Number of protein chains: 2
Amino acid sequence: MRPLFHPALDDVRPEAILHALSDPVRAAIFTQIAGMGCVQACSAFAAVGDRVIPKSSLSHHIKVLREAGLIRCERHGVEMRNHSRCSEVDQRFPGLIAAILNAYAKAGA
Amino acid sequence: MRPLFHPALDDVRPEAILHALSDPVRAAIFTQIAGMGCVQACSAFAAVGDRVIPKSSLSHHIKVLREAGLIRCERHGVEMRNHSRCSEVDQRFPGLIAAILNAYAKAGA
DNA sequence: TCAATAGTTCCGATATTCCGAACTATGGGA
DNA sequence: TCCCATAGTTCGGAATATCGGAACTATTGA
(Lines give C-alpha, C1' and ligand atoms only; values in the text may rest on other atoms or scores of the structure.)
Protein backbone atom coordinates (compact mmCIF):
# COMPACT_ATOMS: atom_id res chain seq x y z
CA MET A 1 0.00 0.00 0.00
CA ARG A 2 1.39 3.37 -0.96
CA PRO A 3 2.23 5.67 1.93
CA LEU A 4 -0.28 8.40 2.69
CA PHE A 5 0.58 11.94 1.71
CA HIS A 6 1.28 14.36 4.54
CA PRO A 7 2.29 17.94 3.73
CA ALA A 8 5.55 19.24 5.18
CA LEU A 9 4.98 21.84 7.86
CA ASP A 10 6.18 24.61 5.55
CA ASP A 11 3.64 23.57 2.95
CA VAL A 12 0.69 23.78 5.30
CA ARG A 13 -1.64 26.54 4.11
CA PRO A 14 -4.00 28.58 6.27
CA GLU A 15 -6.80 28.29 3.72
CA ALA A 16 -6.55 24.50 3.86
CA ILE A 17 -6.76 24.50 7.65
CA LEU A 18 -9.74 26.85 7.66
CA HIS A 19 -11.48 24.90 4.96
CA ALA A 20 -10.89 21.62 6.79
CA LEU A 21 -12.24 22.98 10.07
CA SER A 22 -15.13 24.92 8.52
CA ASP A 23 -17.10 21.68 8.44
CA PRO A 24 -18.59 21.00 11.88
CA VAL A 25 -18.24 17.24 11.44
CA ARG A 26 -14.54 17.54 10.65
CA ALA A 27 -14.11 20.05 13.46
CA ALA A 28 -15.69 17.56 15.88
CA ILE A 29 -13.44 14.77 14.63
CA PHE A 30 -10.37 16.94 14.94
CA THR A 31 -11.38 18.15 18.40
CA GLN A 32 -11.52 14.55 19.49
CA ILE A 33 -8.16 13.66 17.94
CA ALA A 34 -6.51 16.80 19.31
CA GLY A 35 -8.20 16.90 22.65
CA MET A 36 -8.09 13.30 23.76
CA GLY A 37 -4.34 13.34 23.52
CA CYS A 38 -4.48 9.71 22.53
CA VAL A 39 -4.42 8.25 19.08
CA GLN A 40 -7.80 7.43 17.55
CA ALA A 41 -8.78 4.92 14.90
CA CYS A 42 -11.15 6.16 12.20
CA SER A 43 -13.84 3.83 13.47
CA ALA A 44 -13.95 5.96 16.63
CA PHE A 45 -15.85 8.52 14.57
CA ALA A 46 -18.58 6.34 13.13
CA ALA A 47 -20.91 8.83 14.80
CA VAL A 48 -20.51 12.49 15.71
CA GLY A 49 -23.04 13.48 18.31
CA ASP A 50 -26.12 11.51 17.26
CA ARG A 51 -25.32 11.79 13.58
CA VAL A 52 -24.10 8.64 11.85
CA ILE A 53 -21.25 9.25 9.43
CA PRO A 54 -21.03 6.81 6.52
CA LYS A 55 -17.66 5.14 6.13
CA SER A 56 -16.98 6.74 2.78
CA SER A 57 -17.71 10.21 4.11
CA LEU A 58 -15.57 9.57 7.15
CA SER A 59 -12.69 8.46 4.99
CA HIS A 60 -13.06 11.65 2.97
CA HIS A 61 -13.12 13.84 6.10
CA ILE A 62 -10.00 12.20 7.50
CA LYS A 63 -8.26 12.73 4.17
CA VAL A 64 -9.14 16.43 4.17
CA LEU A 65 -7.76 16.83 7.71
CA ARG A 66 -4.62 14.92 6.76
CA GLU A 67 -3.96 16.87 3.56
CA ALA A 68 -4.53 20.14 5.42
CA GLY A 69 -1.67 19.11 7.71
CA LEU A 70 -3.82 18.83 10.83
CA ILE A 71 -3.37 15.13 11.48
CA ARG A 72 -0.94 12.34 10.78
CA CYS A 73 -2.27 8.91 9.86
CA GLU A 74 -0.45 5.61 10.15
CA ARG A 75 -1.65 2.15 9.52
CA HIS A 76 -1.24 -0.22 12.46
CA GLY A 77 -2.35 -3.63 11.44
CA VAL A 78 -5.91 -3.51 10.25
CA GLU A 79 -6.63 -0.06 11.59
CA MET A 80 -5.48 3.49 10.90
CA ARG A 81 -4.22 5.57 13.80
CA ASN A 82 -4.77 9.30 13.71
CA HIS A 83 -2.46 11.64 15.60
CA SER A 84 -2.91 15.36 15.83
CA ARG A 85 -0.19 17.64 14.43
CA CYS A 86 -1.31 20.47 16.74
CA SER A 87 2.07 21.24 18.21
CA GLU A 88 3.73 21.38 14.79
CA VAL A 89 1.01 23.57 13.31
CA ASP A 90 1.06 25.78 16.38
CA GLN A 91 4.71 26.51 15.76
CA ARG A 92 3.93 27.72 12.28
CA PHE A 93 0.61 29.46 13.04
CA PRO A 94 0.69 30.32 16.74
CA GLY A 95 -2.66 30.27 18.48
CA LEU A 96 -4.64 29.37 15.38
CA ILE A 97 -5.84 25.92 16.32
CA ALA A 98 -6.49 26.85 19.93
CA ALA A 99 -8.60 29.83 18.89
CA ILE A 100 -10.62 27.72 16.47
CA LEU A 101 -11.25 24.93 18.95
CA ASN A 102 -12.17 27.47 21.63
CA ALA A 103 -14.61 29.12 19.25
CA TYR A 104 -16.34 25.81 18.52
CA ALA A 105 -16.38 24.94 22.21
CA LYS A 106 -17.98 28.25 23.07
CA ALA A 107 -20.54 28.08 20.28
CA GLY A 108 -21.45 24.56 21.32
CA ALA A 109 -20.49 22.78 18.17
CA MET B 1 -34.18 48.81 -0.92
CA ARG B 2 -34.52 46.21 1.77
CA PRO B 3 -31.98 46.43 4.58
CA LEU B 4 -29.09 43.99 4.43
CA PHE B 5 -29.08 41.08 6.83
CA HIS B 6 -26.44 41.11 9.55
CA PRO B 7 -26.39 38.30 12.11
CA ALA B 8 -26.55 39.23 15.79
CA LEU B 9 -23.29 38.57 17.58
CA ASP B 10 -24.79 35.60 19.42
CA ASP B 11 -25.80 34.05 16.12
CA VAL B 12 -22.34 34.23 14.61
CA ARG B 13 -21.07 30.70 14.00
CA PRO B 14 -17.45 29.57 13.93
CA GLU B 15 -18.04 27.42 10.87
CA ALA B 16 -19.36 30.44 8.98
CA ILE B 17 -16.30 32.49 9.90
CA LEU B 18 -13.91 29.72 8.92
CA HIS B 19 -15.74 29.09 5.69
CA ALA B 20 -15.75 32.79 4.84
CA LEU B 21 -12.04 33.14 5.50
CA SER B 22 -11.04 29.83 3.90
CA ASP B 23 -11.14 31.56 0.54
CA PRO B 24 -7.92 33.52 -0.03
CA VAL B 25 -9.72 36.22 -1.99
CA ARG B 26 -12.20 36.81 0.82
CA ALA B 27 -9.40 36.64 3.37
CA ALA B 28 -7.53 39.34 1.44
CA ILE B 29 -10.64 41.51 1.25
CA PHE B 30 -11.30 41.06 4.94
CA THR B 31 -7.67 41.76 5.84
CA GLN B 32 -7.97 45.03 4.02
CA ILE B 33 -11.27 45.97 5.68
CA ALA B 34 -10.02 44.94 9.12
CA GLY B 35 -6.49 46.16 8.85
CA MET B 36 -6.92 49.55 7.23
CA GLY B 37 -9.09 50.61 10.09
CA CYS B 38 -11.01 52.75 7.66
CA VAL B 39 -14.20 51.93 5.87
CA GLN B 40 -13.86 50.56 2.37
CA ALA B 41 -16.23 50.62 -0.58
CA CYS B 42 -16.65 47.37 -2.52
CA SER B 43 -15.02 48.95 -5.52
CA ALA B 44 -11.79 49.07 -3.50
CA PHE B 45 -11.52 45.32 -4.13
CA ALA B 46 -11.93 45.24 -7.88
CA ALA B 47 -8.56 43.52 -7.84
CA VAL B 48 -6.81 41.41 -5.21
CA GLY B 49 -3.10 41.26 -5.86
CA ASP B 50 -2.95 41.16 -9.65
CA ARG B 51 -6.12 39.14 -9.92
CA VAL B 52 -9.19 40.95 -11.26
CA ILE B 53 -12.40 40.11 -9.39
CA PRO B 54 -15.59 40.41 -11.45
CA LYS B 55 -18.27 42.57 -9.86
CA SER B 56 -20.68 39.70 -9.42
CA SER B 57 -18.08 37.58 -7.64
CA LEU B 58 -17.08 40.49 -5.49
CA SER B 59 -20.67 41.09 -4.50
CA HIS B 60 -20.95 37.43 -3.56
CA HIS B 61 -17.75 37.52 -1.48
CA ILE B 62 -18.88 40.60 0.42
CA LYS B 63 -22.20 38.91 1.11
CA VAL B 64 -20.47 35.83 2.52
CA LEU B 65 -18.34 37.98 4.83
CA ARG B 66 -21.40 39.95 5.93
CA GLU B 67 -23.55 36.89 6.61
CA ALA B 68 -20.72 35.28 8.55
CA GLY B 69 -20.80 38.31 10.85
CA LEU B 70 -17.34 39.55 9.92
CA ILE B 71 -18.33 42.87 8.37
CA ARG B 72 -21.13 45.39 8.48
CA CYS B 73 -22.28 47.01 5.24
CA GLU B 74 -24.13 50.28 4.88
CA ARG B 75 -25.13 52.13 1.82
CA HIS B 76 -23.85 55.68 1.64
CA GLY B 77 -25.20 57.32 -1.41
CA VAL B 78 -24.24 55.35 -4.43
CA GLU B 79 -21.64 53.23 -2.70
CA MET B 80 -21.57 50.58 -0.01
CA ARG B 81 -19.29 51.06 2.97
CA ASN B 82 -17.81 48.02 4.62
CA HIS B 83 -16.79 48.10 8.28
CA SER B 84 -15.12 45.28 10.11
CA ARG B 85 -16.88 43.69 13.09
CA CYS B 86 -13.54 42.48 14.47
CA SER B 87 -13.92 43.87 17.95
CA GLU B 88 -17.40 42.41 18.34
CA VAL B 89 -16.37 39.02 17.03
CA ASP B 90 -13.26 39.07 19.19
CA GLN B 91 -15.44 39.41 22.26
CA ARG B 92 -17.32 36.28 21.32
CA PHE B 93 -14.36 34.27 19.96
CA PRO B 94 -11.24 35.72 21.56
CA GLY B 95 -8.13 35.61 19.43
CA LEU B 96 -9.79 33.88 16.50
CA ILE B 97 -9.60 36.61 13.91
CA ALA B 98 -6.12 37.71 14.96
CA ALA B 99 -4.80 34.16 14.70
CA ILE B 100 -6.32 33.71 11.25
CA LEU B 101 -5.01 37.00 9.89
CA ASN B 102 -1.58 36.28 11.38
CA ALA B 103 -1.57 32.87 9.74
CA TYR B 104 -2.32 34.38 6.33
CA ALA B 105 0.26 37.09 6.86
CA LYS B 106 2.89 34.52 7.74
CA ALA B 107 2.05 32.22 4.84
CA GLY B 108 2.19 35.17 2.49
CA ALA B 109 -1.36 35.06 1.28
C1' DT C 1 -35.47 63.37 -16.89
C1' DC C 2 -31.22 61.40 -18.32
C1' DA C 3 -26.61 59.61 -17.73
C1' DA C 4 -23.11 57.74 -14.82
C1' DT C 5 -21.64 55.00 -10.97
C1' DA C 6 -21.98 51.17 -7.59
C1' DG C 7 -23.76 46.95 -6.52
C1' DT C 8 -27.15 43.01 -7.03
C1' DT C 9 -29.57 39.33 -9.25
C1' DC C 10 -30.15 35.80 -12.65
C1' DC C 11 -28.63 31.80 -14.74
C1' DG C 12 -25.75 28.44 -17.14
C1' DA C 13 -21.13 26.20 -16.81
C1' DT C 14 -18.04 24.14 -13.73
C1' DA C 15 -16.45 22.19 -9.48
C1' DT C 16 -17.36 20.10 -4.81
C1' DT C 17 -19.63 17.31 -1.58
C1' DC C 18 -22.15 13.36 -0.14
C1' DC C 19 -22.92 8.55 0.35
C1' DG C 20 -24.07 3.65 -1.24
C1' DA C 21 -21.79 -0.11 -3.40
C1' DA C 22 -17.82 -2.40 -4.71
C1' DC C 23 -13.09 -2.87 -3.77
C1' DT C 24 -8.33 -3.42 -1.22
C1' DA C 25 -5.36 -4.39 2.70
C1' DT C 26 -4.23 -6.71 6.90
C1' DG C 27 -4.36 -10.20 10.53
C1' DG C 28 -6.27 -14.34 12.71
C1' DG C 29 -7.68 -18.72 12.72
C1' DA C 30 -8.44 -23.64 10.85
C1' DT D 1 -2.28 -22.03 2.84
C1' DC D 2 -7.01 -20.43 2.28
C1' DC D 3 -10.81 -18.12 3.95
C1' DC D 4 -13.14 -14.86 6.77
C1' DA D 5 -13.76 -10.63 9.40
C1' DT D 6 -12.43 -6.01 10.15
C1' DA D 7 -10.92 -1.31 8.68
C1' DG D 8 -10.65 1.81 5.36
C1' DT D 9 -10.47 3.45 0.27
C1' DT D 10 -12.18 4.21 -4.30
C1' DC D 11 -15.79 4.72 -7.73
C1' DG D 12 -19.65 7.02 -9.64
C1' DG D 13 -23.85 9.55 -9.84
C1' DA D 14 -26.98 12.76 -7.56
C1' DA D 15 -27.32 16.98 -4.95
C1' DT D 16 -25.17 21.28 -3.88
C1' DA D 17 -22.14 25.24 -4.19
C1' DT D 18 -19.19 28.46 -6.74
C1' DC D 19 -17.90 31.55 -10.60
C1' DG D 20 -18.70 35.12 -13.76
C1' DG D 21 -21.06 37.47 -17.86
C1' DA D 22 -25.20 39.94 -18.86
C1' DA D 23 -29.06 42.28 -17.43
C1' DC D 24 -31.06 44.71 -13.71
C1' DT D 25 -31.78 48.14 -9.60
C1' DA D 26 -30.62 52.06 -6.71
C1' DT D 27 -28.71 56.50 -6.01
C1' DT D 28 -26.69 60.98 -7.19
C1' DG D 29 -25.68 64.85 -10.04
C1' DA D 30 -26.42 67.63 -14.11
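Source: prediction; values computed, not measured. So that the names make sense, note that chain A is the first sequence line, chain B the second, and so on, each numbered from 1.
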Nearest-nucleotide comparison on DNA chain C, the residue closer to the 5′ end among A44(B) and V78(A)
A44(B)

P7(A) and E67(A) have their tightest heavy-atom pair at CG-O, 3.5 Å

Looking at every strand, decide which applies to D23(B) at a 4.0 Å heavy-atom threshold: base, sugar-phosphate, or nothing.
sugar-phosphate

How many Å lie between CD on E74(B) and C1' on dG7(C), as a whole number?
16 Å

Who passes side-chain hydrogen bond (donor to acceptor under 3.5 Å, both in side chains) against H60(B), sequence neighbours left out?
none

Show the numbers, then the answer: is there a side-chain contact (heavy atoms from CB on, under 4.5 Å) between I53(B) and I29(B)?
CA-CA 11 Å; I53(B) 311 295; I29(B) 292 171; 5.8 Å; no

If you measure from CD1 on I62(A) to CG on L58(A), what distance do you get to the nearest 0.5 Å?
5.0 Å

Provide, to the nearest angstrom, the distance between the NE2 atom belonging to H76(A) and the P atom belonging to dG8(D).
12 Å

Separation of I17(A) CD1 from R13(A) CZ (nearest 0.5 Å)
10.0 Å

Who pairs with H19(A) by side-chain hydrogen bond (donor to acceptor under 3.5 Å, both in side chains), at least two apart in sequence or on another chain?
none

Give the rounded distance in Å between these two atoms: CZ of R26(B) and P of dA17(D).
13 Å

List the residues meeting salt bridge (charged side-chain N to carboxylate O under 4.0 Å, His left out) with R85(A), not counting sequence neighbours, and say none if there are none.
E88(A)

Could you state the CG-C1' distance from N82(A) to dG8(D), rounded to the nearest angstrom?
11 Å

Is it the case that the side chains of R26(B) and H61(B) hold a donor-acceptor pair, with the cut-off being a distance below 3.5 Å and no angle test?
yes

Does R81(B) have any salt bridge (charged side-chain N to carboxylate O under 4.0 Å, His left out) partners at least two apart in sequence or in another chain, and if so, which?
E79(B)

When the distance from CD of E79(A) to C1' of dT26(C) is rounded to whole Å, what number comes out?
11 Å

To the nearest angstrom, the CG-C1' distance between L4(A) and dA25(C) comes to 12 Å

Round to the nearest Å and state the distance from R81(B) atom CZ to dG7(C) atom C1'.
15 Å

Among residues 53-69 of chain B, which ones have heavy-atom contacts with DNA chain C below 4.0 Å?
K55(B), S56(B), S59(B)

Tell me which residues in residues 14-22 of chain A put a heavy atom below 4.0 Å from DNA chain D, sorted by number, or none.
none

